[in-house]
Amino acid sequence: MGIFEGVITKGIGGFYYVNTEEGLFECRARGIFRKRGFAPLVGDCVVIETSDSSHGVINEVRERKNSLIRPAVANVTRMAVVVAVSSPVPNPYILDKLIASAEFAKLKIAVCFNKSDLGGSEDLVEAYKNAGFEVVVTSAAENIGIDELKNFLANEITVFAGNSGVGKSSLINRLMERDMFETGTVSEKLERGRHTTRHSELAPLPFGGYIIDTPGFSSFDVNTIPLEGLSDMFREFGNVEGGCRFPDCSHRTEPDCCIINAVRDGKIAVSRHESYVQLYNEIKTAKENIY
């Protein structure tokens with residue numbers, strides 16, 4: 001028996017798997033957590049009391065840096081948003097929803113364009129570089145860009161996000177240098193990947209840090225973002241000089257809008273502004289339906 005600190009790497013059916021310097025322990029949480037209406041999350045730093053060489057009880061959950069709702073995970077510091085350059089064809093709106101959610105959670109972001117061996121999406125790659133994002137171009141199949149991706153992930157807790165079929169699991173297997181996650185093929189007819197990841201799980205990286213793949217996951221719940229703060233989630237909007245005619249400008253259709261003018265002048269990508277408008281309308285509608 002002993003007292004150890006560790007990180008919850010997986011939670012299934014009331015059991016939590018805690019990675020410590022002494023190894024991996026299967027743990028239950030003390031009843032006091034349930035009485036308080038508090039549930040430990042994957043990513044939590046915890047203190048456990050062990051009963052033998054492989055089992056224990058969670059006594060304490062350390063203060064969280066943050067927590068996400070979907071996937072339910074704590075202490076994430078970075079997000080790698082993965083999109084395929086083709087097969088499936090990139091969907092800028094889904095990509096921008098993911099980025100907006102990561103900006104709102106104050107995560108450091110890398111946009112990972114995978115399947116570069118297939119070619120395509122050069123304009124989209126340049127759009128995100130010009131917007132100020134860290135962009136990594138990879139090919140899991142050809143082992144391209146993996147070292148650059150490792151540099152982004154090292155010693156952090158990073159969530160991998162993106163549509164099924166973009167190659168997240170194949171990238172993770174490259175990073176782990178072994179088959180950590182099952183991979184599926186992309187349907188040639190539907191160009192959508194099969195949902196092959198079974199559950200959210202932190203995987204310890206051999207070079208330090210953890211990654212979490214998300215099951216069948218394409219977007220976070222962005223409805224928690226306030227409308228008046230949405231433009232801040234599009235970082236290049238903040239680089240536009242000058243102001244709008246109206247102090248409460250929504251940057252969608254108003255005349256003399258500095259953001260719309262920047263799009264017209266080629267300073268902001270058309271696709272990014274279209275995503276902003278679509279996301280603004282989606283959040284606005286969702287909030288109106290609440291009341």
message: Looking at N75 and G43, would you say the former's side chain and the latter's main chain have a donor-acceptor pair under 3.5 Å?
response: yes
message: Keeping S271 on the side-chain end and P92 on the backbone end, is there a donor-acceptor pair under 3.5 Å?
response: no
- request: Flag the pair E103 and R235 as a salt bridge only when some basic side-chain nitrogen lies within less than 4.0 angstrom of an acidic carboxylate oxygen.
  value: yes
- request: Indicate the ring-plane relationship of F237 and Y276, choosing parallel, tilted or perpendicular according to the 30° and 60° boundaries.
  value: perpendicular
message: For M79 and T158: C-alpha separation, side-chain torsions, deciding distance, then whether side-chain contact (heavy atoms from CB on, under 4.5 Å) applies.
response: CA-CA 5 Å; M79 180 188 287; T158 307; 5.5 Å; no
message: Let's go through R78 and L153 carefully: what are the C-alpha distance in whole Å and the side-chain angles of both, what is the deciding distance for side-chain contact (heavy atoms from CB on, under 4.5 Å) to 0.1 Å, and is it a yes or a no?
response: CA-CA 8 Å; R78 299 193 171 191; L153 302 173; over 6 Å; no
- prompt: Is the side chain of K168 donor-acceptor paired with the backbone N or O of G162 at a distance under 3.5 Å, no angle test?
  reply: yes
task: Return yes if some donor-acceptor pair links the side-chain N/O of S121 with the main-chain N/O of V85 below 3.5 Å, else return no.
output: yes
Row check, Y16 ring normal vs R28 NZ/CZ: under 6.0 Å, within 45°: no
- request: Could you tell me the separation between the CG atom of D147 and the CG atom of N143, rounded to the nearest 0.5 Å?
  value: 7.5 Å
- prompt: Taking the side chain from K150 and the backbone from L175, do they hold a donor-acceptor pair closer than 3.5 Å?
  reply: no
task: Could you tell me whether a side-chain N or O of R30 sits under 3.5 Å from a main-chain N or O of V57, the two making a donor and an acceptor?
output: no
- request: Using a strict cut-off of less than 4.0 Å between a Lys/Arg side-chain nitrogen and an Asp/Glu carboxylate oxygen, indicate whether E60 and R62 qualify as a salt bridge.
  value: yes
Under 3.5 Å: donor-acceptor pair, side chain of D44, backbone of P40: no
message: Strictly distance-based, threshold 3.5 Å: is any side-chain N or O of S170 a donor or acceptor partner for the main-chain N or O of G167?
response: no
- prompt: Under a 4.5 Å cut-off applied to non-hydrogen side-chain atoms, are R272 and E236 in contact?
  reply: yes
message: If only side-chain N and O atoms count, and only distance matters, is there a donor-acceptor pair under 3.5 Å linking E282 with Y93?
response: yes
Donor-acceptor side-chain pairing of N114 and T138 below 3.5 angstrom: yes
query: Quick check: does any side chain N or O of E126 sit under 3.5 Å from a backbone N or O of E122, one acting as donor and the other as acceptor?
result: no
- prompt: With respect to Y17, which candidate in V7, V42, L24, L202 satisfies the side-chain contact (heavy atoms from CB on, under 4.5 Å) definition?
  reply: L24
- request: Looking only at non-hydrogen atoms, find the nearest pair between M176 and L205 and report the distance.
  value: SD-CD2, 3.7 Å
message: The test is side-chain contact (heavy atoms from CB on, under 4.5 Å); show your working for V47 and F4 and say whether it passes.
response: CA-CA 6 Å; V47 178; F4 304 107; over 6 Å; no
- prompt: Is the backbone N or O of V89 less than 3.5 Å from a side-chain atom of S86, with the two atoms forming a donor-acceptor pair by type?
  reply: no
field: Derivation and outcome, side-chain contact (heavy atoms from CB on, under 4.5 Å), residues N59 and I48
entry: CA-CA 5 Å; N59 284 339; I48 67 170; over 6 Å; no
query: Will you find, in the side chains of N155 and Y210, an N or O donor that is under 3.5 Å from an N or O acceptor?
result: no
